[in-house]
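Reckoned from all heavy atoms, side chains included, excluding hydrogens, waters and symmetry mates.
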Amino acid sequence: MTNIRNTSSPHWRGWLKLEHRCLVPFNSFAEYAPEPNPETKKKDVVWFAQNEDRPLTAFAGIWTEFRGDRGTKSKPIPGPHLVYGFLTTAPNAVVEPIHPKAMPVILTTPEEHDVWLRAPWDEAKALQRPLPDEGLRIVARGADKEDKVAETVSQ
């Protein structure tokens with residue numbers, strides 16, 4: 001997985017065509033806090049979602065087939081592999097204190113999903129923007145590297 005921010009780069013131009021676009025479903029995502037927790041001396045994991053119920057939504061993604069080896073050098077796994085990345089953008093006011101460089105491009109409506117999957121790039125690129133501040137909140141913070149509430153909800 002990789003983050004894709006500079007969509008004006010010639011490197012990404014071919015990957016932004018319709019045949020490589022996908023939706024990457026999620027109900028929460030995490031970033032490490034910028035400073036260690038004074039009690040644990042480790043950086044907290046900060047979980048973001050649309051709200052406490054963590055509804056399913058999607059990142060604007062791109063995918064391709066990779067035919068090379070993946071995994072470790074000692075245990076390579078031969079391809080082909082289906083791999084993906086997702087677009088990032090400037091952070092909104094909710095994410096910025098935790099991760100000041102970027103946030104994922106989040107698509108929340110069926111209309112946005114449709115534009116991402118079917119529209120020409122000139123139209124779809126308008127979706128590469130921060131989610132409005134009121135559309136995202138911090139739903140958990142601590143040492144857990146898995147969103148325990150989201151796990152419980154999805155089971």
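For the atom pair Trp47 CH2 and Phe29 CZ, the distance stands at 10.0 Å (nearest 0.5 Å).
Side chains of Val83 and Trp63 form no contact here, defined as non-hydrogen atoms less than 4.5 Å apart. A 4.5 Å side-chain heavy-atom check between Gln50 and Pro55 finds at least one atom pair inside the cut-off. In this structure the side chain of Asn6 never reaches within 4.5 angstrom of the side chain of His11, judged on heavy atoms. In this structure, Val94 and Phe48 have side chains that are in contact, with non-hydrogen atoms separated by less than 4.5 Å. Contact of the His81 side chain with the Arg67 side chain is not registered, since no non-hydrogen atoms from C-beta on lie closer than 4.5 Å.
Across Leu23, Leu87, Leu117, a single residue satisfies side-chain contact (heavy atoms from CB on, under 4.5 Å) together with Leu107, and that is Leu23.
Legend: salt bridge (Lys or Arg N to Asp or Glu O under 4.0 Å) pairs involving residues 15-42, not counting sequence neighbours: none detected.
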Got a list of side-chain donor-acceptor pairs under 3.5 Å for residues 122-132, not counting sequence neighbours?
from	atom 1	to	atom 2	distance (Å)
Gln128	OE1	Thr7	OG1	2.8
Gln128	NE2	Arg5	O	2.9
Gln128	NE2	Thr88	O	2.8
Arg129	NH1	Ile106	O	3.1
Arg129	NH1	Leu127	O	3.3
Arg129	NH2	Glu112	OE2	2.7

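Heavy-atom neighbours of Phe66 CZ from other residues, nucleotides or ligands within 6.0 Å: above the threshold of 12.
The minimum heavy-atom distance linking His20 with Gly14 is given by the pair CD2-O, 3.7 Å. Here the closest non-hydrogen pair linking Ala49 and Ser28 is CB-CB, 4.2 Å. The minimum heavy-atom distance linking Val139 with Arg54 is given by the pair CG2-NH2, 3.1 Å. The two residues Val95 and Met103 come nearest to each other via the heavy atoms CG1-CB, 3.9 Å. Pairing each heavy atom of Thr89 with each of Pro104, the nearest pair is CG2-O, 4.4 Å. In terms of heavy-atom proximity, Leu18 sits nearest to Trp116 at CD2-O, 4.5 Å.
For Thr72, the side-chain contact (heavy atoms from CB on, under 4.5 Å) partners are Ser74, Lys75, not counting sequence neighbours. For Arg13, there are no side chain to side chain donor-acceptor pair (under 3.5 Å) partners, not counting sequence neighbours. Ala93 pairs by the side-chain contact (heavy atoms from CB on, under 4.5 Å) definition with Asp133, not counting sequence neighbours. In terms of the salt bridge (charged side-chain N to carboxylate O under 4.0 Å, His left out) criterion, Glu134 has no residue partners (sequence neighbours excluded).
A single hydrophobic cluster is not seen to contain both Leu56 and Phe59; linkage of ILVMFWY side chains at heavy-atom distances under 4.5 Å, directly or through other members, places them apart.
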Walk me through whether Asp69 and Ile77 qualify under side-chain contact (heavy atoms from CB on, under 4.5 Å). CA-CA 5 Å; Asp69 290 346; Ile77 302 167; over 6 Å; no
Between Thr64 and Trp15, does the side-chain contact (heavy atoms from CB on, under 4.5 Å) criterion hold? Intermediate values first, please. CA-CA 8 Å; Thr64 192; Trp15 302 111; 3.1 Å; yes
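Counting only distance, with no hydrogens or angles, the side chain of Asp44 and the backbone of Val46 share no donor-acceptor pair below 3.5 Å.
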